[in-house]
J.: 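The structure's right below; bear with me while I get my questions together.
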Amino acid sequence: MTDVTTLLEVGGPVAALGGGAAYARANNPALYWSAVGGPISTARLLSSYASVMEACGLTVPPSRLRVLAVKATTRREVRPVPPRRGIVRPTSTGLRLRLRLAPGQEPADVAASAERLRHAWGVHAVSVHTIKPGVVELRLVGFDVLRKVRMPRKAGGDFLKVPVALREDALPFVRDYRTVPHQLTLGATLSGKSMYLRHLIAGLAAQPVALVGIDCKRGVELAPFAPRLSALATDPDEAAELLPVLVKEMEDRYDLIRARQGIAPGTPDEEITSDIWGLPDGERPVPVVLFVDEVAELFLVATKKDEERRDEMVTQLIRLAQLGRAAGIYLEVCGQRFGAELGKGATMLRAELTGRVCHRVNDEASAKMALGDIAPEAVAAACAIAPERPGLAVAGDTSGGWSRIRTPYLSLGDAAETCRESAHMVPDLPALKPFRPAVPVRHVETPAPAVQPRPVTD
């Protein structure tokens, strides 16, 4: 009886502890990882490192000097040599570990074994990043960071750099317009494409940048951000008038750059430039970011009369994509569907859009159009996005690299309020003033006056 009582006294706290760990793992995975998962995975990694590397084929035969030294000092078997391991550094979402590759190894060998390492050490994901020749870093993610997105405190935002999502390796996905000037963003209805667009506009609202929008859905997506927009076109007719103005603005900026290049002989080389970023601060025009929502509406025509207008708009978009980067004009092209069947110029426009973000799409052809020419293996990942995870997307660029990302939730009201607070940041561009959207006046309801009691009389 005493033994049973003792077991019950000990088993109660153990059961409560196990239940608490299970609850934390389901509802607060970061807390569970810091308290339980991280130490267990670290112990598993340290104890099985050599054997796991050998099982994954990441070891090399020992040198002759090492063989002679082992045989001279001990009688144990000479084992293959794994990559030299650095210090295991824990983080709030996983572990980081640097490896010095053995002679004859390359980072691709370690990347090919990432899935095996994930299962061997019991983590959610393993990614490989090259630090310098011969040194790679393993980033182990302990749990699914995309299930409930929490952006890191230091997300890396700066001028023309907007952290818009979280990558699957727990690093922020930063939209850098100086590095990737133009981007194509695709996504079906309720896939999270509009949320991605909100983060971009809210992040750029407080920067000295001109924001221009083309929203052929009568402005329902971009109209809430009207206080911060320098121009807005809400149908193809208005877009046909706005695009030539942007092209003319681009040509004027090239004239400004040419005038700077034609300065007197003997001028230092650092003062000769081929884009606006080499101009002095007082002469440099503000960058322009053009958001095109539902780009397919610019391609579709109902009559033969509209074909000429469509061809002109597509030609102007292609010109902006080809030449706009040096003039400080950047494109953010969004749509539900994008394919060669849209018409002449669609494939050429896509080729000029360096960045690609593909949310859940309704057909494989759209995923191939977005990612097939830069990372064919990413097409399958984009087609596997479930409807229950809005905001999840596959991001890549023409370098061939890609990763899964997810945008955190941002309400339309918060994004619109950010634009209202930043309305004073709208730059003065005379060419775009005719297209400046009307800002509705906010009606503040005043409380009804209190009813005063009437005195009682005879």
Side-chain angles (χ1 to χ4, degrees), residues 144 146-149 164-168 173 175 182-202 213-225 234-236 239 290-301 314 317 331-343 345-347 349-351 353-397 402-412 415:
D144 187 4
L146 301 184
R147 189 180 70 175
K148 188 177 181 181
V149 178
V164 291
L166 187 68
R167 302 194 327 186
E168 60 182 344
F173 175 75
R175 177 72 176 93
H182 313 305
Q183 182 170 277
L184 173 64
T185 304
L186 296 183
T189 303
L190 300 178
S191 65
K193 174 171 57 67
S194 299
M195 196 72 63
Y196 182 88
L197 197 61
R198 288 177 200 172
H199 277 274
L200 279 179
I201 295 176
I214 296 178
D215 182 6
C216 292
K217 293 194 301 186
R218 297 297 179 184
V220 296
E221 291 288 348
L222 299 181
F225 315 122
T234 59
D235 56 49
L290 172 61
F291 296 94
V292 182
D293 194 39
E294 299 302 340
V295 65
E297 291 293 325
L298 300 182
F299 283 85
L300 299 178
V301 293
V314 173
L317 274 177
L331 268 63
E332 199 75 34
V333 180
C334 307
Q336 298 184 25
R337 178 80 171 85
F338 197 84
E341 67 276 6
L342 288 179
T347 305
L349 176 61
R350 182 198 64 165
L353 305 177
T354 307
R356 311 288 174 81
V357 174
C358 183
H359 294 77
R360 177 180 55 83
V361 290
N362 293 326
D363 59 338
E364 186 180 0
S366 295
K368 287 183 177 179
M369 195 69 175
L371 303 168
D373 60 330
I374 61 171
E377 64 275 10
V379 175
C383 295
I385 298 176
E388 296 79 16
R389 281 200 165 188
L392 189 64
V394 176
D397 54 49
W402 64 278
S403 63
R404 294 181 181 87
I405 64 172
R406 193 177 189 188
T407 310
Y409 176 77
L410 176 65
S411 68
L412 180 60

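The first residue in the sequence is number 1, and the count goes up from there. Just so it is clear, the structure is predicted and the values come from calculations on it, not from any experiment.
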J.: Going from CD on Q336 to OG on S366, what distance comes out if it is rounded to the nearest 0.5 angstrom?
T.: 9.5 Å

J.: Report yes or no: does R198 contribute a side-chain atom to a donor-acceptor pair with the main-chain N or O of L410 at less than 3.5 Å?
T.: yes

J.: State, to 0.1 Å, how close A367 and C383 come at their nearest heavy-atom pair, and which atoms those are.
T.: CB-SG, 3.9 Å

J.: Quick one: closest heavy-atom pair of I385 and A393, and the distance?
T.: CD1-CA, 3.9 Å

J.: What is the minimum heavy-atom distance between D215 and E221, and which atoms define it?
T.: OD2-N, 2.8 Å

J.: Considering all heavy atoms of both residues, which atom of L186 and which atom of A370 are nearest to each other, and what is their separation?
T.: CD1-CB, 3.7 Å

J.: Test side chain to side chain contact (heavy atoms under 4.5 Å, CB included) on L392 and R360 and set out the steps.
T.: CA-CA 8 Å; L392 189 64; R360 177 180 55 83; over 6 Å; no

J.: So which atom in G345 and which in F299 form the shortest heavy-atom distance, rounded to 0.1 Å?
T.: C-CE2, 4.2 Å

J.: Rounded to the nearest 0.5 Å, what separation is found between the CD atom of E332 and the CG atom of L197?
T.: 7.5 Å

J.: Within the supplied structure, the quantity of interest is the number of heavy atoms (other residues, nucleotides, ligands) at a distance under 6.0 Å from L190 CG; does it exceed 12?
T.: no

J.: Using modelled atom types only, decide if a donor and an acceptor are shared between the side chain of R337 and the backbone of A296 within a distance under 3.5 Å.
T.: no

J.: Is it true that a side-chain atom of R406 and a backbone atom of L146 form a donor plus acceptor pair closer than 3.5 Å?
T.: yes

J.: For L331 versus H182, what's the shortest heavy-atom pair and its separation?
T.: N-ND1, 3.1 Å

J.: Should the ring pair Y196 and H359 be called parallel, tilted or perpendicular, given that the plane angle runs from 0 to 90° and is split at 30 and 60?
T.: perpendicular

